[in-house]
Every structure is written in C-alpha cells, then in structure tokens.
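Take a look at the structure set out below.
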Amino acid sequence: MLGRPPRPGPVSRRGWPRPPSPPSVEAVTGAVTNDEVAAALTELADLTSIGGGDAFKARAYEKAARAVGGHRVEVATLDAKQLQQIPGVGKAIAEKIIEFCRSGTFPALEKQRAAVPEGLRHLVRIPGLGPKRALVLYQELGVTSVDELQAAVDAGRLDDLPGFGAKTAENLRHGVQVLRSSAGRVHIDVATAAAERIVGVLSEVPGCVRCAYAGSLRRSRETVGDVDVLAASTNPEPLMRALKAMPDVADVIGSGAKKTSIRTTAGLQVDLRVVPPESWGAALQYFTGSKAHNVRLRTIAVHAGLKLSEYGLFDGGTDELIGSRTEEELYRRLGLAWVAPPLREDRGEIEAAQEDRLPVLVTEGDIRGDLHTHTDLTDGVAPLEEMVRAAAARGYAYLAVTDHAPNLSMQRMTTEKMLAQREQVRRLDRVHRRMRLLHGTELNIDPDGAVDWDEEVLAGFDLCVASVHSHFDQPRAAMTRRLIRACENPYVHVIGHPSTRMLGRRDAVDADWEAVFQAAARTGTALEINSSPERLDLGDALVLAARAAGVKFAVNTDAHATAHLDNLRYGVGTAQRGWLTADDVINTWTLRRLQSFLRRKSANT
DNA sequence: GCCGTTTTCGGCCCGACTGTTTTCAGTCG
C-alpha cells in the first residue's frame with residue numbers, strides 16, 4: 001500500500017502505546033471498555049488516512065470512535081443489532097467492534113498496522129503536520145518517528161523536498177518542541193482511571209489497611225508524569241505481587257520490599273509504596289508533595305525543634321515520635337490547619353494555614369448545573385433528550401444547552417435549526433420539573449472580537465458562551481482587544497476555554513491577561529474553567545490571577561457526549577488549585593442568583 | 001464505511017489560512 005522509503009531498515013516501534021496484542025486478560029474476559037474500542041477505531045482512522053486510504057472511510061471510523069467513546073452503555077455487552085443503533089455504527093463497524101471485544105483486535109486494523117509504520121501515527125500529532133505530508137516524509141526521506149524528523153530538519157534534508165519550504169521546516173521544528181515538552185506526561189483522566197483501578201485492586205488484598213493515590217494526581221495537577229500509589233500494611237509482599245499481576249502491566253521496572261514500579265500498557269509509570277499503618281499520615285503527606293510545600297513544612301518543623309520525614313514527626317533531640325497516623329495530626333502539631341492537596345504548591349497556603357484563613361474550596365458537590373454542553377445538532381454525539389436525561393441523573397438544578405453558532409461553519413448551524421432546538425428545549429423543560437433547561441449557544445469570537453448573529457437573535461438566548469476557535473496566533477495586543485470586546489458584549493455571559501490551550505498540543509494564546517481579567521470583572525463576564533482533560537482552561541495559574549482581579553468563574557464540561565459530564569471533577573480540581581470557593585463559581589449558585597447574574601450582565605454593559 | 005422525506009447510489013463538514021506555488025494542496029477547527 002505504501003511506497004518503500006529509499007532508506008530501508010527496521011521500523012522503529014519504540015515509544016508508542018498501542019492496545020495489547022495478543023489481547024489482555026481483560027479483553028478475553030469481555031471487560032473491554034468503550035474507551036478501548038474507541039481507541040482502536042481512532043487508530044484505524046489514523047492509519048487509514050495516513051496510508052492514503054479513502055478519506056470518507058477514515059472519517060466514518062473517527063465518527064464511530066467518538067460515538068462509542070461517548071456511549072452510555074458498555075458496547076462489549078451489545079450484539080450486532082444493538083451496536084448498529086449507535087449513530088455512525090453500521091454493519092461493518094459493528095463486526096469490527098464485536099471482533100475487537102472477543103480477541104483484542106480485528107483484521108482491518110492488523111492489515112493497516114502492517115502497512116503503516118507506527119511512528120507515522122505519532123508524526124501527525126505534530127501541530128501543522130497532517131497525514132499527507134507525513135506520508136511524503138516517510139516515502140521520500142524514510143522518516144518514521146519524531147526523532148528522525150528532528151534529525152532530518154536539522155540536517156536540512158527537507159530543503160529539496162517539493163512543498164516543504166523554509167517556513168514549513170521552522171514550523172515543524174517548533175511543533176516537535178511542543179510535542180516534546182509534553183513527552184512522558186499523561187492527561188489527568190488517563191492517570192485517574194489507572195490510579196483508581198489500582199487502588200481498587202490493592203484495597204482488596206488481605207492485609208491492606210489503607211490504600212490511596214498520592215503525588216501530583218492527588219494535587220489535581222493538569223497532567224502527571226507518573227502515578228504514586230500508597231498502601232499501609234504490615235505485610236507488603238502480597239500487595240507488590242498483586243500490582244505486578246494486574247493485566248495491563250507492560251513491564252516491571254523494579255520491585256523490592258518497600259517499593260514496586262511498573263509501567264502500564266498505556267505507557268504510564270506507577271510507583272507503589274507500602275508503609276506500616278502507623279506511618280500512614282506522614283507517608284501520605286510526604287508522597288503527596290509538592291516538593292516546595294514539603295520543604296516549607298520541614299523548615300517549620302526544624303524551627304520548632306522537630307524533624308519531619310515520611311515516617312512521622314519526631315522530636316529533634318530525643319527522636320521520640322510525636323505524630324504520624326494522619327495528615328491532620330501532622331499539620332496540627334506544626335501549628336497549621338490541614339491543607340487540601342490542590343493547594344500544596346507553596347503559593348501562600350502555608351501562611352494561610354498558619355493564620356487559619358485557608359479558603360473553603362469549591363467541591364464537585366457544590367456544582368448545581370453545567371453551562372456549556374453540546375448535542376448532536378452540532379458536533380456532540382448524543383441527542384438533546386439524552387444529554388438532558390444524563391444531566392438530570394446527576395441531580396442538576398439547571399443545564400444550559402449551548403450548541404455551536406453559524407460562524408463556525410463546519411458545524412452547519414442555522415437560525416432555523418437553533419430556533420427548532422429552542423422549542424424542543426422549552427418542551428423538555430416542562431417535562432423535567434426538577435431541572436431548569438436554559439437554551440444557550442457557544443458563539444464564535446472572530447478576530448475582531450465580534451460574535452455570531454445580531455442583537456435581536458442573541459437576546460433570545462438564556463445564556464451565551466463565547467469562545468475563540470481560530471486565529472490563535474494573533475499578536476498580543478490584537479488578541480487582548482478581541483477578548484475584551486467579547487467581554488464587553490452585553491449578550492456574552494461566559495468566555496469559553498479562554499486561553500484555548502490544548503494540553504501537550506497547543507500553547508495558550510498570547511494576551512494581556514491582566515487586562516482581560518479586569519474587563520471580565522468590570523463587565524460581569526464569567527470566565528470558564530473548561531473541564532475537558534485535554535484543556536483544563538483556564539489553567540490554575542490564570543485562575544489565581546483572575547480571582548485576584550475579582551472575576552467570577554463557570555466550571556463547565558463542554559460535554560460532547562453524556563459521559564463527558566463526568567469530567568466535571570477535573571475542572572473542579574483546577575478550580576481548587578486556583579483557590580476558588582463556591583461563591584466564586586456561578587454554577588454553584590441557585591438558579592435565581594444565576595439568572596440575576598445573567599440579567600445584570602446586559603444591564604451593566 | 002455510513003446513511004437515506006432520496007431506497008441502493010452518491011453524497012458525506014465548510015471555509016479560511018498558510019506556505020507554497022503561479023493556481024493550489026495541506027491543515028485546521
């Protein structure tokens with residue numbers, strides 16, 4: 001299918017996670033998750049487009065992958081007929097899914113894997129490099145990995161390649177850097193899923209007194225390099241054995257009496273430490289970090305004539321144990337209130353804990369509704385009724401449906417479709433007595449800061465989110481003006497994913513954030529904390545700055561499927577890292593207070 | 001490969017930007 005590259009040699013297969021083959025124990029026993037099926041279909045889509053296959057076929061696989069990934073029922077439990085009820089899944093894809101659930105792979109996937117070097121799939125993750133040019137690089141230069149691309153760029157081997165000019169080479173160089181800077185780190189949802197699975201298994205091991213994950217994951221960092229799992233037991237051996245025996249362990253990096261390190265098939269490193277039950281609090285505190293926070297704590301201990309380690313808090317002179325069983329005890333003995341893990345970054349939390357003025361952080365339970373969701377009217381995968389049902393099942397008091405507006409033309413939204421949806425929303429609102437449905441939209445902020453539709457149409461929405469979806473490279477002054485003008489629009493209530501960063505793929509836009517925050521605060525425009533694990537936008541540092549400027553926030557999921565509503569926890573984690581209380585977050589408010597905020601916006605500006 | 005006020009083929013996500021060309025292909029959202 002592909003032309004042979006001029007430079008023969010073994011194809012590098014290092015570095016990229018791929019579903020286990022032969023199938024894992026889980027796959028054979030039928031416990032294949034929707035995410036795994038979606039990953040296989042996505043891989044097939046990628047390989048198809050890179051291999052120069054039918055673009056529409058690739059798109060069909062992609063669409064099916066998204067639908068499966070967001071499907072509320074485990075597809076492993078469905079038969080062919082039921083599978084074909086999922087939009088985008090027909091006879092052929094249903095067969096592939098069934099075969100995948102049975103054996104962990106299927107013939108079309110294996111055929112593509114054999115035809116396309118695996119590294120090429122990773123090449124197209126470089127911003128600005130798509131399947132077409134990745135294929136050219138492979139066929140003409142034999143490039144099959146990011147490393148080889150970097151070498152080819154550095155050696156000037158792209159210069160003679162038609163269609164690759166100096167600017168392209170420079171863009172690729174920068175793209176490789178962006179990709180590299182995220183190397184080895186995984187998104188928080190992947191790490192959380194792995195950590196919870198492991199904690200679940202280890203907690204069942206006889207002799208396990210306590211088990212939890214610590215590290216940056218417990219602090220709700222946006223990405224994590226590895227997962228730290230902590231267990232308390234007087235008998236570590238069975239715990240170590242249980243971890244090494246888990247089905248998705250790819251290799252054991254090291255294993256001893258106190259610590260075992262493994263790498264999962266997804267390429268994630270997991271460190272398990274087992275401590276005596278009486279050291280639990282000290283160990284949990286120590287392994288949660290951050291390093292900077294712990295350095296401060298140890299300094300405080302030393303000044304008090306004490307010594308703090310992962311084994312406990314000791315008298316500096318006599319080495320007598322003063323405390324070690326719980327974190328609360330340790331902090332109290334050091335004269336501090338217990339500090340919630342997301343705050344432990346040495347960003348003022350030590351002083352606040354000493355003076356007993358730590359914020360009461362917003363929690364997932366405080367959230368009363370989601371203000372940014374999509375349906376299959378635009379690029380979501382679930383129909384309106386399903387999204388509404390799923391939100392109601394979460395016990396929400398309100399839900400805003402905010403499909404894309406016409407200016408994002410790929411979504412083919414029209415005023416007619418929007419008005420028809422509004423009728424549907426009003427009708428459903430009468431059915432769901434306990435949950436108020438708000439009809440909203442996600443407007444597109446154009447390069448000048450203007451948005452879709454005229455005032456008359458905009459005035460008909462209950463709530464408008466407005467977001468940047470293009471022209472990310474505008475100079476700082478223009479981008480700042482653009483965002484401020486969006487804030488000044490009386491119909492814009494929330495700025496969606498304000499920095500537009502994609503973790504590991506795209507940097508935040510360049511703007512004078514201080515000026516933007518002041519505009520948001522002045523105009524009563526909330527800034528979103530987008531809970532998608534690929535965004536988490538605003539990020540914690542900007543949240544801190546915005547809060548200081550008096551900004552209010554909306555922690556939304558931007559759900560494109562019912563399952564995405566569960567991503568809320570990650571947005572809340574970021575809000576906590578930004579020191580936010582429930583009062584800072586408008587979607588913790590009662591419907592009445594929220595509506596008053598929305599109305600005041602129009603009056604203010 | 002999916003889908004259908006169209007019933008079995010022919011369309012499917014459209015428009016803009018970028019860098020490269022000299023009229024356009026590739027990429028992105």
Side-chain angles (χ1 to χ4, degrees), chain A residues 40-42 44-68 80 83-97 99 106-109 111-112 123-137 140 158-175 178 374 376-381 403-414 417 442-448 452 466-474 478 496-497 500-502 505-507 509 530 532 534-535 537 558 560:
Chain A
L41 290 172
T42 303
L44 181 61
D46 287 351
L47 296 176
T48 301
S49 62
I50 296 166
D54 181 1
F56 289 113
K57 229 186 219 188
R59 193 179 295 166
Y61 296 139
E62 243 169 62
K63 192 178 170 209
R66 271 194 300 136
V68 168
L83 284 170
Q84 287 180 60
Q85 301 293 310
I86 302 172
V89 176
K91 188 160 170 288
I93 291 183
E95 277 169 15
K96 290 177 171 64
I97 293 175
E99 182 57 28
F106 50 87
L109 181 59
K111 194 175 154 206
Q112 287 291 350
L123 275 190
V124 300
R125 292 190 53 207
I126 296 170
L129 185 61
K132 294 278 168 33
R133 287 201 290 211
L135 185 58
V136 171
L137 288 169
E140 299 300 320
L158 269 57
D159 298 351
D160 302 329
L161 222 50
F164 288 79
K167 187 73 194 187
T168 301
E170 194 43 48
N171 288 345
L172 289 179
R173 201 191 299 274
H174 180 249
V178 170
H374 295 272
D376 62 359
L377 183 61
T378 55
D379 57 350
V381 298
D403 271 311
H404 288 288
N407 290 0
L408 203 63
S409 49
M410 60 183 284
Q411 303 300 349
R412 303 186 122 189
M413 180 57 114
T414 62
K417 285 195 203 172
E442 182 181 12
L443 300 164
N444 188 51
I445 305 175
D446 79 12
D448 294 328
D452 314 56
S467 318
V468 166
H469 293 112
S470 65
H471 301 82
F472 306 112
D473 293 332
Q474 277 184 319
H497 44 74
T500 77
R501 71 171 180 182
M502 298 290 275
R505 288 202 285 136
R506 188 173 66 214
D507 291 335
V509 296
N530 188 295
S532 164
E534 312 205 321
R535 292 188 184 272
D537 180 13
D558 194 1
H560 285 68

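Naming: A, B, ... by sequence-line order, numbering from 1 per chain. Just so it is clear, the model here is predicted, and its values are computed rather than measured.
- Across B:dT21 and B:dC17, the matching C1' atoms stand 15 Å from one another, rounded to whole Å.
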Any chance you could lay out the side chain to side chain donor-acceptor pair (under 3.5 Å) test for A:D558 and A:N530, step after step, and finish with the verdict? CA-CA 7 Å; A:D558 194 1; A:N530 188 295; 3.1 Å; yes

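- Using a 4.0 Å heavy-atom cutoff across all strands shown, A:L129 reaches sugar-phosphate atoms only and no base atom.
- When the side-chain nitrogen and oxygen atoms of A:R59 are compared with OP1 and OP2 of B:dC2, none of them lie within a distance under 4.0 Å.
- Take the nearest nucleotide of DNA chain B for A:A166 and for A:Q84: the residue whose nucleotide is more 5' is A:Q84.
- Taking atom P in both B:dT20 and B:dC14, one finds a spacing of 28 Å when rounded to whole Å.
- Here the separation of B:dC28 from B:dC13, taken at their C1' atoms, is 12 Å to the nearest Å.
- Each of A:V136 and A:K167 lies near DNA chain B, and the nucleotide nearest A:K167 is the one positioned closer to the 5' end.
- A:L408 places its CG atom 12 Å from the P atom of B:dA16, with the value rounded to the nearest Å.
- One interatomic measurement links the two molecules: CG of A:L172 to P of B:dG19, which rounds to 11 Å at whole-angstrom precision.
- In summary, A:E95 and A:K91 engage in a salt bridge, as defined by a charged side-chain N under 4.0 Å from a carboxylate O.
- For B:dT18, the OP1/OP2 oxygens have no side-chain nitrogen or oxygen of A:N171 closer than 4.0 Å.
- Using atom C1' as the reference point in both B:dA16 and B:dC9, the two lie 32 Å apart (nearest Å).
- As judged by a 4.0 angstrom heavy-atom cut-off over every strand, A:R506 is placed among residues touching the sugar-phosphate backbone only.
- Phosphate contact (OP1/OP2 of B:dC14, side-chain N/O of A:R412, threshold under 4.0 Å): present.
- Of all nucleotides listed (B:dG1, B:dT27, B:dG29), B:dG1 comes nearest to the side chain of A:F56.
- Between the side chain of A:E140 and the backbone N or O of A:L161, no donor-acceptor pair lies under 3.5 Å.
- The nearest whole Å value for the distance from the NZ atom in A:K57 to the P atom in B:dG1 is 4 Å.
- Taking atom CZ on A:R505 and atom C1' on B:dT27, their separation rounds to 13 Å, with Å as the unit.
- The aromatic rings of A:H374 and A:H560 lie parallel to each other, their planes meeting at an angle below 30°, with 60° marking the opposite boundary.
- Rounding to the nearest 0.5 Å places OG1 of A:T168 at 10.0 Å from CG of A:L129.
- Using a 4.0 Å heavy-atom cutoff across all strands shown, A:A64 reaches no nucleic acid atom at all.
- The CD1 atom of A:I97 sits 9 Å away from the P atom of B:dC2 (whole-angstrom rounding).
- No contact: A:D379 has no heavy atom under 4.0 Å from any strand.
- Comparing B:dT8 with B:dG1, their C1' atoms sit 14 Å apart, to the nearest whole Å.
- Rounded to whole Å, atom C1' of B:dG1 lies 11 Å from atom CG of A:L41.
- More than 12 heavy atoms of other residues, nucleotides or ligands sit less than 6.0 Å from atom NZ of A:K417.
- Closest approach to the A:H471 side chain among B:dC2, B:dC17, B:dG29 is made by B:dC17 (side chain taken as heavy atoms from C-beta onward).
- Atom-to-atom, CD of A:E95 to P of B:dG1 comes out at 9 Å; the value is rounded to the nearest Å.
- Minimum atom distance to the side chain of A:T168 is reached by B:dT20, of the listed B:dG1, B:dT20, B:dT27.
- As the counterpart of B:dG19, B:dC24 is assigned, both hydrogen-bonding distances of the Watson-Crick or G-U wobble pattern falling under 3.5 Å.
- The side chain of A:K132 approaches B:dT27 more closely than any other nucleotide in the set B:dG29, B:dT27, B:dG1.
- Residue A:K63 places none of its side-chain N or O atoms closer than 4.0 Å to OP1 or OP2 of B:dC3.
- Straight-line distance from the CZ atom of A:R133 to the C1' atom of B:dG19: 8 Å, rounded to whole Å.
- Across the P atoms, B:dC12 and B:dT23 are found 28 Å apart, a figure rounded to whole Å.
- No contact: A:P162 has no heavy atom under 4.0 Å from any strand.
- Comparing the same atom, P, in B:dG15 and in B:dG10 gives a spacing of 24 Å after rounding to whole Å.
- Ion pairing between a basic and an acidic side chain is recognised when a charged N comes within 4.0 Å of a carboxylate O; A:K96 and A:E99 show no such pairing.
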